[in-house]
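To start, the structure itself, in structure tokens.
No hydrogens, no waters, no symmetry mates; every other heavy atom, side chains included, goes into these values.
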There are 2 protein chains.
Amino acid sequence: MAYRRTERVIRRLAARREDILAAARDAVAEGGMAAVQIVPVAERAGIAAGTVYRYFPSKTELVNELVEQACAREVETMRRAAEAAPGPLSAIAAAVAALGQRALQNRKLAWALIGEPADTETGAVRHACRAALAGEFGRLIRTAAAAGLLPAEQSPAVTAPALVGAMIEGLIGPLAPEIESNPARQREAVQSLTLLVLRALGVADARARGLVVQIALPAVTEGAA
Amino acid sequence: MAYRRTERVIRRLAARREDILAAARDAVAEGGMAAVQIVPVAERAGIAAGTVYRYFPSKTELVNELVEQACAREVETMRRAAEAAPGPLSAIAAAVAALGQRALQNRKLAWALIGEPADTETGAVRHACRAALAGEFGRLIRTAAAAGLLPAEQSPAVTAPALVGAMIEGLIGPLAPEIESNPARQREAVQSLTLLVLRALGVADARARGLVVQIALPAVTEGAA
DNA sequence: GCAAAGCGTGAACGACGATTCACGCCAGTG
DNA sequence: CACTGGCGTGAATCGTCGTTCACGCTTTGC
């Protein structure tokens, strides 16, 4: 044998791989999914087009990994926020607020990754992502319902996806008012949305119960794009 | 002069134009936005590819018109359902139900036209479409709020888009349960969603008030694809 | 220092799909 | 009925990417 990957090389390769993913992420954040093109992404990463294919078998795979990564991060954010909450209801509130907060931090990115579609292949991954979000959310709903905190008539199979849709559309969808750069209005929007979701689930007096205040602004600082 | 369009010819041209739009619509319903390709659409319409360009300056224009048409139809459906309702609250319920009902009738089509994105050009039109839906919906909310039937704290600018999102995602989004062919379950899903929306707006006891029953199944028979 | 094995390169290739256009055909005109 | 001009055609054209690959350069092992 005459060649074996050194620790140093392995590290370099891994770093390069991350660079590519980061470049792709940046591209998405700037120009949406359509902006993820091999040559531009490669340039952004400071490498040649062909090199991308040393790390990813195809563009589809690259995009898939991007979406999966982002999705996992969101689900994790949600889960953590919920776990840190003192009870099932505030867990829901916290989850919504955390997700909303993050989404607002980079609306275009979030929208592109979760909302905007791509080829059929990628569609499956995105579907899995939404399903994961809805699933996690459904779990929170069921927990609260089981604890008698929500009207029992809930059908999480319908409400969870619908509310995920409400969050997506309400905050990051193309409809959302332009609040990108205004922290105060962002906070406001997230709160409105949180209240909306709670009401939708049958919690009429969330504000009175102080469910909103305690989740007002979960510091989300990790993993900046 | 040696040529002037006869009434008959004008009619034929208009019909052809509609044929093209219909063919495009069918294509969308079958394979999503991606399936709207000039040659296949032309074949479907029984004409040559080049002919499409006698009627539409570009594919983008064709798609735009398709989306606008569909959008206008939906907004109109919503408005009419609301107007026929006996009061502001049932107007909201009726609007949601009517929209949901129609969307379910051809989920793939609805999703492709409203949910699934396309190129930047088309994005603008779709944005306008969603905005129109949200606007109409916002109007209903404001009316109800003004009548003191909803908590005054509503901020339609946030809730209307969010609830449009909830409807889209909950019923026709990729996550929605597969209920295409089961009328009973469709009815159920629409009702759940209607209740969800009403609750989200602060109406806790919609069912008790009989708001749901009266909109149970607005016969939507007009304009089949 | 030398051979072996990856790694990086970027021009070239291929697929796909929108758009064009030179040519017949048919309907309207007088 | 002959003539005119728009309509329909569909093969060819053009652009836009994703993907490949033959060729150096770099790193590793001895």
Side-chain angles (χ1 to χ4, degrees), chain A residues 1-21 23-24 27-28 30-67 112 116-123, chain B residues 1-21 23-24 27-28 30-66 118-123:
Chain A
M1 81 201 89
Y3 190 92
R4 192 178 47 82
R5 285 196 206 179
T6 293
E7 184 63 27
R8 191 166 62 92
V9 174
I10 289 178
R11 226 189 299 281
R12 180 164 56 77
L13 292 185
R16 186 88 85 175
R17 192 185 161 86
E18 281 310 309
D19 285 350
I20 297 174
L21 280 167
V28 170
E30 260 180 41
M33 266 317 183
V36 182
Q37 293 169 10
I38 298 299
V39 173
V41 165
E43 269 171 14
R44 212 184 267 262
I47 59 179
T51 307
V52 173
Y53 287 86
R54 295 272 183 195
Y55 294 85
F56 299 91
S58 71
K59 178 187 161 181
T60 300
E61 283 299 312
L62 168 59
V63 171
N64 280 357
E65 193 158 333
L66 197 61
V67 173
E116 196 177 321
D119 58 301
T120 321
E121 295 299 311
T122 310
Chain B
M1 83 202 89
Y3 190 92
R4 190 178 48 81
R5 285 196 205 179
T6 292
E7 184 62 27
R8 192 166 64 92
V9 174
I10 290 178
R11 226 191 299 282
R12 178 165 56 77
L13 292 185
R16 187 88 86 172
R17 192 184 160 87
E18 279 312 308
D19 285 351
I20 297 174
L21 281 166
V28 170
E30 260 179 42
M33 267 316 185
V36 181
Q37 292 169 10
I38 298 299
V39 173
V41 165
E43 268 171 13
R44 214 184 265 263
I47 59 179
T51 306
V52 173
Y53 287 86
R54 297 269 184 199
Y55 293 85
F56 299 91
S58 72
K59 178 186 160 179
T60 299
E61 283 299 312
L62 168 59
V63 172
N64 281 357
E65 193 158 332
L66 197 61
D119 59 301
T120 320
E121 295 299 312
T122 311

Presence of A:R12 side-chain N/O under 4.0 Å of D:dT26 phosphate oxygens OP1/OP2
no
From the list D:dT19, C:dA22, C:dC7, which nucleotide is the closest neighbour of the side chain of A:R54?
C:dC7
Looking at CD of B:Q37 and NZ of B:K59, how far apart are the two atoms once the value is rounded to the nearest 0.5 Å?
6.0 Å
Give the minimum heavy-atom separation between B:D19 and B:A45, together with the two atoms involved.
O-CB, 4.1 Å
When rounded to whole Å, the CG to C1' distance for the pair A:D19 and C:dG8 reads 14 Å
Length of the OH-P vector between B:Y55 and D:dG6, whole Å:
14 Å
Base, sugar-phosphate alone, or nothing: which one does A:V52 contact when heavy atoms must sit under 4.0 Å apart?
nothing
What nucleotide, of C:dC7, D:dT20, C:dT19, holds the atom closest to the side chain of A:Y53?
D:dT20
Under 3.5 Å, side chain of B:T6 to main-chain N/O of B:V9, donor-acceptor pair present?
no
Have a look at A:F56 and say if it touches a base, only the backbone sugar-phosphate, or nothing, with a 4.0 Å heavy-atom cut-off.
nothing
Do the side chains of B:I20 and B:R44 get nearer than 4.5 Å, heavy atoms only?
no
Scanning both residues in full, the closest heavy-atom pair of B:A23 with B:V41 reads CB-O, 3.6 Å
Nearest-angstrom distance from the residue atom CZ of A:R16 to P of D:dT27
11 Å
So which nucleotide from D:dC7, D:dT28, C:dA18 ends up closest to the side chain of B:L13?
D:dC7
Please compare B:K59 and B:R5 by the position of their nearest nucleotide in DNA chain C and report the one closer to 5'.
B:K59
Near-strand residues of residues 37-46 of chain A, defined as heavy-atom separation under 4.0 angstrom from DNA chain D
A:Q37, A:I38
With respect to the side chain of B:R8, which nucleotide from C:dA27, C:dA22, D:dT19 is positioned closest?
C:dA27
Filtered N/O pairs between nucleotides 10-15 of chain C and protein, under 3.5 Å:
residue: C:dG10; atom: N7; partner: A:G50; partner atom: N; Å: 3.3

Between D:dC7 (P) and B:R17 (CZ): distance, integer Å:
13 Å
Are B:L13 and B:R5 packed together at the side-chain level, in the sense that at least one heavy-atom pair is separated by less than 4.5 angstrom?
yes
Is the closest basic N to carboxylate O distance between B:R12 and B:E7 below 4.0 Å?
no
So which heavy atom on A:L66 is nearest to which on A:L21, and how close?
CD1-O, 3.6 Å
Output yes when a side-chain donor or acceptor of A:R17 lies under 3.5 Å from a complementary backbone atom of A:Y55, and no otherwise.
yes
For B:I10 and D:dG6, what is the distance between atoms CD1 and C1' respectively, to the nearest whole Å?
13 Å
